[in-house]
Every structure is written in structure tokens, then in C-alpha cells.
Amino acid sequence: MTDDLLERHPVHALLADGTTVRIRPALPGDHDRLRGFYEEMSPENLRLRFFSLGGRSAELAADRACRPAHSGYRALVAETDGRVVGLAEYDTGGEECGPTGPDVAAKSGDAVAEGAATGPDGAATGADQAATGPDGAAQGRGAEISIAVADGLHHRGVGTLLVEHLVSAARSEGITTFTADALSENHAVLRLFADLGLRMTRRFEGPEVRCVIRLDQDDAYLAAVEARGRAADVASLLPLLRPEVVAVVGAGRTPGSVGRAVLNHLRTGGFTGRLFAVNPGVESVLRVPCHPSVAALPKTPDLVVVAVPAAAVPAVAEECGESGVRALVVVTAGLDHAQAQALLTACRTHGMRLVGPNCLGVSNTAPDLRLDATFAADHPRPGTAGIAVQSGGVGIALLDGLSRLGIGVSTFASLGDKFDVSGNDMLQWWESDGRTGLALLHLESFGNPRAFSRTARRVTRRIPVLTVDAGRTAAGRKAAASHTAAAATRTMTREALFTQAGITATRSVGELLETAALFHSQPLPEGSRVAIVTNAGGAGVLTADACAEAGLVLPPFTPAVIDELLAVLPDGAAVGNPVDATAAVSEEQLTACVDRLTRCSGIDAVVVALVPTAVAAATGDDLVRAVTAAPARRARPVIAVRLEQDRSVLLLAAGDGGTIPSYAEPQAAARALAHAARRSAWLARPEGTVPDPAGVESRRARTVVEDHLTAHPDGGWLDPRTCAELLACYGVPQIPWAWAETEDDAVLAADRLRGFDGRVVMKAHWPGLLHKTQQRAVHLDLRGDAQIRAAFRDLETRFAGLMTGVVLQPLADRGTELLAGVVQDEVFGPLVLFGLGGTVTEVLADHAARLAPLTDRDVHELITSPRCAPLLLGANGNTPVDLEGLEQLLQRLSRMAADLPQLAEADLNPVLATAGGITVLDARVRLLPRHPQDPYLRRLR
């Protein structure tokens with residue numbers, strides 16, 4: 001977040017102990033407060049901060065921080081309850097920030113110009129050793145940094161949090177290095193710098209240490225920020241999800257009231273802490289003592305459940321904050337904008353975490369807590385599934401379904417309108433609680449999808465994360481958009497998020513429960529190869545169809561396996577795949593058959609489809625026992641399909657205490673198994689790294705963007721020359737071209753281009769023209785001056801008053817026409833699309849998408865996901881296209897999207913792919929004025 005945005009919208013963030021601070025720029029009106037901030041420091045802190053105890057140090061430091069803002073200087077303040085508790089600054093201008101203090105302070109050294117010399121050990125002695133690009137322009141600069149934290153708040157992460165925000169602000173200004181001097185005895189601040197996750201060099205100069213910190217946002221830094229954020233987040237959720245004292249405000253005597261229902265659930269659920277009700281009109285409700293206000297309670301609650309009319313919510317929240325409450329669950333619905341803002345302001349001002357409003361409540365089934373602060377119909381069954389939902393109805397369905405299956409619930413949070421606590425928070429709680437084995441989400445919106453994606457990628461490697469993909473729509477974006485934007489739907493964007501993060505996305509609550517049952521009870525299959533066993537041929541056919549439709553494979557058995565199956569099955573059995581064991585199969589025979597298939601190296605899972613028959617060899621229960629005999633001894637998953645089953649999925653008790661999932665429909669079993677196979681494949685693949693393409697000129701690209709937006713403040717489509725220049729900054733391969741505004745210029749340009757093969761293409765251009773072929777604004781295969789002149793006059797006549805010029809290109813060779821592009825989603829960030837291009841791109845809709853920045857694995861999957869992928873890989877004996885060049889193109893597009901938040905969309909169509917290389921034949925880029933925001937910066941919503 002840039003400094004001007006931060007001034008208008010100060011942010012709140014969590015410290016290491018879960019408390020909240022407000023971060024904002026220092027303002028001229030802060031002078032007295034900042035001087036007092038320094039004057040209240042102990043002599044030792046002042047000595048470490050300023051390297052001396054000079055009498056005017058506090059005054060000069062306040063003067064410096066409160067001077068008018070200017071480029072190259074930032075001063076950020078951290079405050080709680082209106083009190084300044086921390087200050088951090090950077091300056092590129094050379095004026096000293098002054099020395100350092102414990103967790104507290106770092107003194108910046110003297111300013112050193114870019115390209116500074118190095119000391120004997122090679123460490124940089126200046127703020128930056130500026131790198132240069134191919135054009136010789138400096139691509140980075142340095143700044144000096146200082147930090148100070150108030151006495152009594154050391155080691156709580158104030159300084160680290162401020163530095164993280166400074167790092168983000170500095171990057172947005174093109175600063176690449178921080179330099180700071182500290183006393184060598186100041187172990188706390190040296191440890192702060194060392195633990196940031198950024199590359200640092202240190203050089204000792206007598207009693208001082210000079211630290212040079214590179215500001216590259218690599219994965220090591222993001223991982224370190226995540227680790228700090230996770231610890232702070234979990235600490236902040238303790239009062240919400242593990243409270244020792246709970247109060248319900250609005251618990252009335254009237255049966256059926258929400259507050260009374262929540263209080264009753266807390267009481268009857270066996271909450272082990274202290275429980276109070278707040279109701280000024282009565283002494284007790286449901287035998288729980290009542291008090292007239294939160295302030296009058298004999299002990300300050302950790303958690304307050306608010307169930308009062310909407311108009312009363314802000315006042316209750318403010319009272320809770322002033323009383324020291326740390327968490328609120330607001331079940332009240334219908335808050336207007338002013339009431340909602342007042343509620344959130346009270347929570348931020350007083351450092352309270354908030355669930356809701358308009359929610360069902362929260363619960364934690366831990367045996368030493370038994371918290372059920374909901375108004376669901378029944379208490380959740382204790383278990384291993386964590387649930388976070390926005391819809392209360394979906395929450396009730398999941399609570400009931402998981403309890404019925406016997407999986408049970410570890411922690412439940414109905415997020416409602418999701419003002420504060422989000423799915424990201426709950427994922428981090430489940431990652432740390434030691435009780436959750438499945439994470440189930442129903443999220444209708446994403447506050448910070450890129451941060452959510454990083455969290456989910458980490459969490460889902462430990463526990464499965466499943467979601468209902470709510471809010472799907474088949475409607476594309478408006479046809480006025482480019483091919484890329486028209487292809488990018490919100491459904492595709494969400495699918496990209498879920499795929500990259502390893503989240504199992506289902507299409508209904510029923511499918512979510514069906515999949516959860518398999519994940520809970522069985523090992524993951526190593527692949528998608530399935531063997532089907534049935535006692536009725538028709539059931540086997542239905543199951544085979546369902547598996548094939550779900551993308552699973554039914555491989556043939558080897559002769560050795562066939563012989564072994566024939567030896568254990570009754571006469572008349574068919575041992576293809578599916579295996580028809582016939583209605584005469586006995587329990588023992590079916591057990592032997594299933595056991596043999598689970599040991600088969602060419603099989604990843606076994607589906608047993610059973611139908612009850614009147615044959616005496618085995619009853620229906622006997623056959624079920626054959627399936628559930630010993631799942632723990634089976635290395636591969638085994639699932640049942642029972643067509644007579646009255647529920648969509650059940651978990652059948654097995655002989656060793658485990659369970660086997662049983663489905664009423666083959667389609668449900670196949671869907672769940674396909675989800676399990678995809679999760680197994682995701683876990684098996686390398687995590688991937690974000691490549692750094694060679695020759696990228698990010699600084700030059702930002703200048704191109706800034707110059708265009710200065711001339712066109714509302715943004716818009718780039719003209720061909722500016723578009724080509726921007727793409728060249730990222731090394732995107734473009735076909736040679738020329739621009740002409742007159743007939744004679746077109747002839748001269750064509751003469752220069754005919755050196756390629758003599759034939760030329762002419763394309764009309766005017767601002768906003770997107771679909772040239774549909775507008776018949778293209779002439780192909782032009783030969784000779786006469787054809788050039790005729791084509792130009794035709795375009796000039798038909799598009800009089802519109803056309804500003806023409807683009808001429810040599811006629812391209814034959815090859816596969818592809819689409820590559822970027823769409824900047826307002827919520828999800830940049831989305832990179834790839835697929836079949838040319839004039840059929842929207843008709844065939846053969847596209848895949850991933851969210852930027854792309855890892856090398858993302859790029860590989862992007863290329864191989866569309867249906868046209870076999871054409872690129874050399875199907876039917878054809879020569880593969882230049883796959884390395886294609887990967888490079890997508891990596892460069894990803895880098896451009898990540899670098900430039902102003903990039904609204906880029907449409908490269910067609911991209912010609914041949915064995916000899918990759919060439920962009922037509923490109924359009926649209927810019928919009930946007931302020932950069934760091935999606936990984938620690939801040940509350």
C-alpha cells in the first residue's frame with residue numbers, strides 16, 4: 001500500500017502476541033506526540049537509539065519525522081489507543097536518521113551514492129551498489145533506515161512489523177536496499193534484521209555494525225512474513241476459539257430468541273469456562289447469572305456473543321472494547337453501513353477480533369473446552385473436521401452431515417458478512433491446533449486471494465482443504481472486452497486459485513461430504529487407475545461409466561492377475577475390468593478378490609459395487625463384511641457402492657476400527673475418488689519456483705506505463721508503438737512491423753518488410769479497435785505497391801473518421817495459432833490465460849488460466865491443460881512446437897503482470913507456435929490508473 005493510500009486508510013495489523021496496532025504515516029500534527037515518545041524512553045534506549053544522550057535528540061527526531069512528505073522518504077507510526085508505540089523511517093536523500101535502540105532502533109549511516117565501493121570483506125558500505133540494465137540505466141537505489149519502539153513494547157514485533165511495511169513502501173518506489181548502523185551490543189535490533197528473511201550483509205566498524213539489507217521479495221522473505229503472521233494470527237484467535245470467560249449480550253427470557261438459544265447451547269454443551277449473560281432487566285436466564293452491562297461483569301470476558309438489535313450493536317461493541325474484551329461474535333443481521341462501520345471501528349480501535357455480523361456463531365469441541373456458541377439445531381459431534389462458512393444454512397448442513405458420518409467437528413466458524421475473521425484465519429488455526437485433519441470451506445468472497453492462496457498451498461500439504469465452489473457462473477465478461485478478457489470468467493479465476501493452491505473444489509454440499517468421507521477414511525490413491533468388482537453386471541457397467549466420466553482409468557489386468565482372480569471366484573465369473581463376481585460369490589471369495597486387487601501394482605483403487613440378491617451363497621451383510629474386512633492392511637483405497645442405500649454416503653465400520661465409505665450412486669463414488677487422485681497428484685508434484693526471466697527491464701516498463709498514464713489519466717488501450725515498447729521491456733518475441741499513416745508511408749514500409757518473403761499484411765488501427773477480423777479491418781497476402789495502395793485506400797474509405805493509421809507486417813508462416821494474455825481481476829489479481837487462439841478462440845473456448853506470479857510448474861500445467869495441448873506436444877507424429885519458447889513467453893507475461901498493477905489486460909492473439917519458435921503476431925494492452933498494493937503485507941481486512 002502506497003503512502004498516500006496509507007494516509008487516507010490507515011491499516012491495522014497484529015503483533016506477535018495477537019494484539020492490534022494501527023500503522024499510518026507520521027503527520028506534521030504528530031510533532032508533540034513523537035517528541036514525547038522519545039522523551040519517555042529510558043536513558044539506555046536513548047543511548048542505543050541515538051548513540052549518545054544529547055539534549056535535543058528527541059526534538060530533532062520529531063522534526064525530521066513530521067516534515068512534509070516527499071519522494072524517497074517515509075516515516076511510519078505504530079499506535080495503540082492513540083499512543084505512539086513505534087516509529088520507522090527510511091530516507092534516500094542522505095540526511096542521517098540517527099542511531100539505534102533495542103528492538104527499537106537502527107541508526108542509518110551516512111548517505112552513499114549508488115555504485116558505492118565495498119569494504120575489505122566485500123560487504124557494501126553504501127546504501128546500494130546499483131545494478132544496471134542493458135540500456136545502462138540504474139535499476140535500483142538505496143535508503144537508510146531507522147526504527148524506534150517504546151519502552152515496554154520490545155520483543156512484541158512492533159519494530160519488525162514497521163520494517164515490513166517500510167520494505168513494501170520502498171519497493172513501490174524502486175528502492176532495492178536498506179542500510180542501517182547499529183551498536184554491536186544492540187543484539188535485539190541485529191536479530192530483527194537477521195530474522196526478516198531478507199538477504200543481509202554486516203560489516204563491523206569499531207563499536208558499530210553496518211547492515212546492508214536487500215529488499216528482494218523472494219520466497220524466503222514471504223515465508224518468513226507468513227510465519228510471523230501465522231503466529232500472530234493464532235495468538236489473536238485464542239480469545240475467540242479458546243476463551244476462558246464468555247458472555248452473551250442479548251440473552252432474553254423469551255423462548256426462541258437467538259441470544260437465549262446461544263446461551264442455552266453454551267450451557268448445555270458443557271462449556272468448561274465461566275459463563276455470563278448481559279440483560280439489564282433480569283437476574284438470570286436459564287439459570288445463568290445476568291448483569292446489567294458488560295462493564296458490570298465480575299470478570300472481563302475473553303469472548304462476547306452479541307445478539308441485540310442492529311441499532312444497539314455499535315454501542316455494545318464500544319463498551320466491550322473499553323472493558324478489555326478481546327473477541328466478539330456478532331450474530332445480529334441487518335446492520336446498515338454506518339452501524340457496520342462503527343462496529344468495525346470499535347473492534348479495530350480496541351484490538352478485538354470479530355466474527356460476523358450476520359452469522360451462526362462459533363464452536364470448539366475440544367474436550368477441555370466444549371465451546372458451542374451457536375444457535376444450530378444440535379451440538380456438533382466432536383471430531384477432526386474444521387469448518388468455516390459464510391452461509392449459516394450451509395454451516396448447519398455441514399455440521400449435521402459430518403456428525404451423521406461420524407467424522408465430527410474440531411472447530412466451526414460461521415463467518416457471516418466476514419468483516420474480520422476469514423477463511424485464511426481459520427486455515428492457520430487448523431494448521432496449528434493439532435486436532436484438525438480435514439478443512440472444509442464455503443466462501444462466497446475472498447478478501448485477499450493471493451495471501452489465501454499461499455496459506456492454502458502450505459496448509460493443504462498437511463491436511464486436505466475442501467471447498468464448495470460457491471458463486472459459479474457460466475456468463476463470460478462483456479463482449480466489448482478483448483479475446484483474453486472475454487475468455488476469463490470468474491469461474492475460471494476461482495478454478496485457477498483452487499488448482500494452484502491444491503484445494504479440492506466440489507460443486508455442492510453433498511459432493512463435499514462425499515469427498516470428505518473418502519479423505520477421512522482411506523489412504524489416497526497413487527494414481528487414477530481403478531478396478532471395479534461387482535456381484536451384478538449392470539451395477540458394474542454403471543460404475544465403469546461413472547469412473548470414465550470422472551476421468552478415472554480402468555486398465556486391463558495382466559494374465560497373472562486374471563489367473564489368480566479366476567482361482568478365487570466362483571465358476572462363471574468374468575474377470576475383465578469390471579470384475580463380475582456373479583450373484584453366487586461368497587463372502588470369502590469376495591474378500592480374496594478385493595485383497596488381491598489391492599495388492600496389484602497396476603491398480604490405484606478398488607470400487608466394489610454391490611446389489612442385494614436372493615442367492616444363498618452370501619447375504620448383503622456378508623458381502624459388506626467382505627469389503628470392510630481389514631482396510632488398515634490394504635495399501636490402496638477401497639470404497640463401496642450400494643445402489644439400495646438410502647443415504648448418499650455412509651461410513652461403514654471395519655474390522656480393525658477403521659471405516660469404509662459407501663455410496664448410493666456410482667457417480668458420487670467416482671467423483672470422490674477422482675478428487676482423491678487429483679490431490680495425490682498435487683502432493684506428488686514439486687512445489688515449483690517462480691522463474692526470473694533474463695533481460696527483463698522492469699524499471700523501463702514502469703516508465704513507459706507512467707508516461708502513458710500521465711498523457712492519458714483515465715488509461716485505455718496503448719497505441720501499437722507503445723504496446724510494442726512495453727512488450728519489448730519483457731523480451732516478448734514480436735513479428736517485425738511498421739507503422740504508416742499515409743498511403744505513401746505504407747508503400748515505403750512495405751518495401752522494407754518485403755525482405756522477409758515479399759508478402760505483407762495490413763491492419764487498420766484506431767483507439768479501441770479490438771476484433772480486427774470481425775470488423776474486416778485486415779488485408780492479407782499483399783504483393784506489390786499497387787495492392788498496398790489499394791488496401792490502404794479501402795481501409796481509409798471504410799473507416800473514415802476512425803482510422804489513425806495502419807500496421808504492416810510480413811505474412812507469417814503457417815503454424816498453430818494460440819492465445820496468451822493477462823487479465824487483472826479486481827479481487828484475485830493478475831490472471832494469465834493460454835489456449836487456442838486466432839479467430840476461433842471464443843467459439844471453441846479452449847483455454848486454461850493460472851494466477852500470477854506463475855511458478856515453473858504452473859507454466860507447465862498451463863501449456864498442457866487445454867484440449868489443444870497434443871497439437872503442441874507433437875501428436876500423431878508431428879513435430880512439437882518450441883515448448884521452451886512457449887514457457888518463456890508465459891513466464892514473461894507473468895512477470896509483466898506481477899510488475900505492473902496498472903496492466904488491466906494484455907491480449908496476445910494470435911501467437912504463432914512452430915518448431916522454430918514462438919512469435920506474437922498481434923498484441924493489445926490496456927492500462928488503468930491503479931495504485932500498487934502489496935498482497936502479502938501483514939494487515940487486517
Side-chain angles (χ1 to χ4, degrees), residues 135 482-483 697 700-701 703-712 714-815 817 837-839 906-912 917-927:
D135 58 359
S482 70
H483 290 305
E697 298 178 71
R700 177 182 157 208
T703 300
V704 171
V705 169
E706 289 166 3
D707 289 347
H708 179 82
L709 291 176
T710 298
H712 306 85
D714 295 330
W717 295 96
L718 300 183
D719 63 78
R721 285 169 289 196
T722 308
C723 180
E725 183 182 5
L726 183 61
L727 295 179
C729 292
Y730 290 91
V732 173
Q734 304 171 70
I735 193 168
W737 66 280
W739 172 255
E741 296 181 4
T742 68
E743 184 179 324
D744 290 339
D745 288 343
V747 171
L748 292 174
D751 287 340
R752 291 195 299 272
L753 293 170
R754 283 198 189 99
F756 291 93
D757 71 352
R759 296 178 295 172
V760 178
V761 174
M762 182 184 294
K763 304 175 183 179
H765 175 79
W766 64 84
L769 172 61
L770 300 179
H771 304 291
K772 296 183 180 71
T773 302
Q774 293 178 13
Q775 297 278 353
R776 295 188 300 115
V778 179
H779 283 290
L780 302 173
D781 201 9
L782 301 176
R783 304 166 187 258
D785 293 354
Q787 289 188 4
I788 295 294
R789 291 184 181 278
F792 187 93
R793 287 195 296 269
D794 172 67
L795 296 175
E796 189 177 42
T797 301
R798 286 193 294 115
F799 303 118
L802 285 176
M803 193 176 82
T804 57
V806 298
V807 171
L808 294 104
Q809 299 171 339
L811 185 68
D813 295 332
R814 291 184 177 275
E817 291 189 348
T839 58
D907 180 47
L908 280 53
N909 183 26
V911 174
L912 186 69
I918 305 297
T919 308
V920 175
L921 303 186
D922 200 87
R924 292 175 290 275
V925 172
R926 184 165 64 95
L927 301 179

Q: Report the residues that fulfil side chain to side chain contact (heavy atoms under 4.5 Å, CB included) with Ala923, sequence neighbours left out, ordered by chain and then residue number.
A: Cys723, Leu727, Leu908, Val920

Q. Taking all non-hydrogen atoms of both residues, which atom of Trp739 and which atom of Gly805 are closest, and how far apart?
A. CH2-CA, 3.5 Å

Q.
Do Arg924 and Lys772 make a side-chain contact, defined as non-hydrogen atoms from C-beta onward lying under 4.5 Å apart?
A. yes

Q: Name all pairs fulfilling the salt bridge (Lys or Arg N to Asp or Glu O under 4.0 Å) condition that reach into residues 723-747, sequence neighbours left out, sorted by first residue then second.
A: Arg721-Glu741, Glu743-Arg789, Glu743-Arg793, Asp744-Arg789

**Q.** With sequence neighbours excluded, residues passing salt bridge (charged side-chain N to carboxylate O under 4.0 Å, His left out) with Asp714
**A.** none

Q | Closest approach of Ile788 to Met762 (non-hydrogen atoms, all atoms of both residues) | A | O-CE, 3.5 Å

Q) Hey, what do you get for CG (Leu802) to CG (Leu795), rounding to the nearest 0.5 Å? A) 12.0 Å

Q: Please tell me if the side chains of Trp717 and Val925 come closer than 4.5 Å, counting only heavy atoms from C-beta onward.
A: no

Q | All side chain to side chain contact (heavy atoms under 4.5 Å, CB included) counterparts of Pro910, not counting sequence neighbours | A | Glu817, Leu921, Asp922

Q.
Restricting to side-chain hydrogen bond (donor to acceptor under 3.5 Å, both in side chains), what partner residues turn up for His779, sequence neighbours left out?
A. Asp794

Q) If every non-hydrogen atom of Ala791 is compared with every non-hydrogen atom of Leu782, which pair is closest and at what distance? A) CB-CD1, 3.7 Å

Under 3.5 Å, which donor-acceptor pairs link side chains of residues 728-737 to any protein atom two or more places apart or in another chain?
| residue | atom | partner | partner atom | Å |
| --- | --- | --- | --- | --- |
| Tyr730 | OH | Asp899 | OD2 | 3.0 |
| Gln734 | NE2 | Ala724 | O | 3.2 |

Q: Go through the structure and list residues passing side chain to side chain contact (heavy atoms under 4.5 Å, CB included) with Leu780, not counting sequence neighbours.
A: Val761, Val778

Q) Of the non-hydrogen atoms in Asp719 and His765, which two are nearest, and what is the gap between them? A) CA-NE2, 4.2 Å

Q: For Gln809, enumerate each residue passing the side-chain hydrogen bond (donor to acceptor under 3.5 Å, both in side chains) test, keeping only those at least two apart in sequence or located in another chain.
A: Lys763

Q. For the residue pair Pro810 and Leu753, what are the closest heavy atoms and their distance?
A. CD-CD2, 4.0 Å

Q) How many angstroms lie between CG in Asp781 and CD in Gln787, if you round to the nearest 0.5 Å? A) 7.5 Å

Q: State which residues pass ring-ring contact (aromatic ring centres under 6.0 Å, His included) with His708; sequence neighbours excluded, sorted by chain then number.
A: His712

Q | Contacts of Asp707 that satisfy side-chain hydrogen bond (donor to acceptor under 3.5 Å, both in side chains) - sequence neighbours left out | A | none

Q: Could you tell me whether a side-chain N or O of Arg752 sits under 3.5 Å from a main-chain N or O of Ala738, the two making a donor and an acceptor?
A: no

Q) For the side chain of Glu796 and the backbone of Phe792, is there at least one donor-acceptor N/O pair under 3.5 Å apart? A) no

Q: Applying side-chain hydrogen bond (donor to acceptor under 3.5 Å, both in side chains), name anything that partners Thr919, two or more places apart in sequence or on another chain.
A: none

